[in-house]
Amino acid sequence: QVQLVESGGGLVQAGGSLRLSCAASGRTFSSYAMGWFRQAPGKEREFVAAVSWSGGSTYYADSVKGRFTISRDNAKNTAYLQMNSLKPEDTAVYYCAAGSRPGMHRYEYNYWGQGTQVTVSS
């Protein structure tokens with residue numbers, strides 16, 4: 001079993017940057033693909049980015065491609081989401097998740113963190 005804890009959220013002005021972290025417990029972190037999702041008020045939780053277990057493959061939603069970067073450090077049991085050029089529409093609760101493959105769908109992930117709020121002001 002894997003427990004995930006996100007951190008790094010906050011309030012930032014449009015055009016600014018934030019780096020989210022997802023710390024995982026357990027010795028099997030490196031065997032899981034990791035994903036980031038987000039949920040804005042009144043909207044469905046949506047895919048943001050995913051990374052394979054090795055970090056060698058990454059995937060992004062079109063809305064964040066070129067602005068966000070997902071990465072991981074298996075030695076530290078941590079995944080990251082670097083968010084640049086933030087826009088007000090990026091405002092949401094951001095969740096990290098662990099699964100068997102770096103998919104774009106929620107059902108592909110078995111473990112979820114509690115989420116961290118990101119607010120981008122205009």
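Nothing fancy with the numbering, it's 1 onward along the sequence.
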Please table the atom pairs, donor to acceptor, closer than 3.5 Å between any side-chain atom in residues 11-25 and protein atoms at least two apart or in another chain.
from: Ser17; atom 1: OG; to: Asn84; atom 2: OD1; distance (Å): 2.9
from: Ser25; atom 1: OG; to: Gln3; atom 2: N; distance (Å): 3.1

Next on the checklist: Hydrophobic clustering (ILVMFWY, side-chain heavy atoms < 4.5 Å, transitive) - are Met104 and Tyr95 grouped together?
Outcome noted: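 Yes.
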Checklist entry - Are Val118 and Val64 linked, directly or through other ILVMFWY residues, by side chains that come within less than 4.5 angstrom of each other? => result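 As far as the 4.5 Å side-chain criterion goes, Val64 and Val118 are connected within one cluster.
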Checklist entry - Are the side chain of Thr91 and the backbone N or O of Val120 linked by a donor-acceptor pair below 3.5 Å? => result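 Checked: pair present.
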Checklist entry - Is there a donor-acceptor pair under 3.5 Å between the side chain of Asn74 and the backbone N or O of Trp53? => result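 Yes, the answer is positive, given that a donor and an acceptor are paired below the 3.5 Å cut-off.
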Listed by chain and number, what are the side-chain contact (heavy atoms from CB on, under 4.5 Å) partners of [X], not counting sequence neighbours?
{"X": "Gln114", "answer": "Val5, Glu6"}
{"X": "Lys65", "answer": "Tyr60, Asp62"}
{"X": "Ser57", "answer": "Ser52, Tyr59"}

Checklist entry - Quick one: side chain to side chain donor-acceptor pair (under 3.5 Å) partners of Asp90, sequence neighbours excluded? => result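 Scan of Asp90 (side chain to side chain donor-acceptor pair (under 3.5 Å), adjacent residues dropped) gives Arg38, Arg67.
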Checklist entry - Excluding sequence neighbours, so at least two apart, what forms side chain to side chain donor-acceptor pair (under 3.5 Å) with Thr119? => result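 Once residues adjacent in sequence are excluded, the partners of Thr119 under the side chain to side chain donor-acceptor pair (under 3.5 Å) criterion are Gln117.
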Checklist entry - If you measure from CE on Met34 to OG on Ser71, what distance do you get to the nearest 0.5 Å? => result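 The OG atom of Ser71 is 11.0 Å from CE of Met34, to the nearest 0.5 Å.
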Item to check | Atom pair OH/SG of Tyr80 and Cys96 - distance to nearest 0.5 Å | outcome: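 Between atom OH of Tyr80 and atom SG of Cys96 there are 12.0 Å.
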Item to check | Selection residues 70-86 - residue pairs positive for salt bridge (charged side-chain N to carboxylate O under 4.0 Å, His left out), sequence neighbours left out | outcome: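 Residue pairs passing salt bridge (charged side-chain N to carboxylate O under 4.0 Å, His left out), neighbours aside: none found.
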Item to check | Residue pairs involving residues 108-122 (criterion salt bridge (charged side-chain N to carboxylate O under 4.0 Å, His left out); sequence neighbours excluded) | outcome: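 Listed once each, the pairs are Arg101-Glu108.
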Checklist entry - Is there any ring pair (Phe, Tyr, Trp, His ring centres under 6.0 Å) pair reaching into residues 8-44, and which pairs are they, with sequence neighbours excluded? => result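 Residue pairs passing ring pair (Phe, Tyr, Trp, His ring centres under 6.0 Å), neighbours aside: Tyr32-Tyr111, Phe37-Phe47, Phe37-Tyr109, Phe37-Trp112.
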Quick check: closest heavy atoms across [X] and [Y], and the distance to 0.1 Å?
{"X": "Leu4", "Y": "Val2", "value": "CD2-CG1, 3.5 Å"}
{"X": "Ser31", "Y": "Thr28", "value": "OG-O, 2.6 Å"}
{"X": "Pro102", "Y": "Ala33", "value": "N-CB, 3.3 Å"}

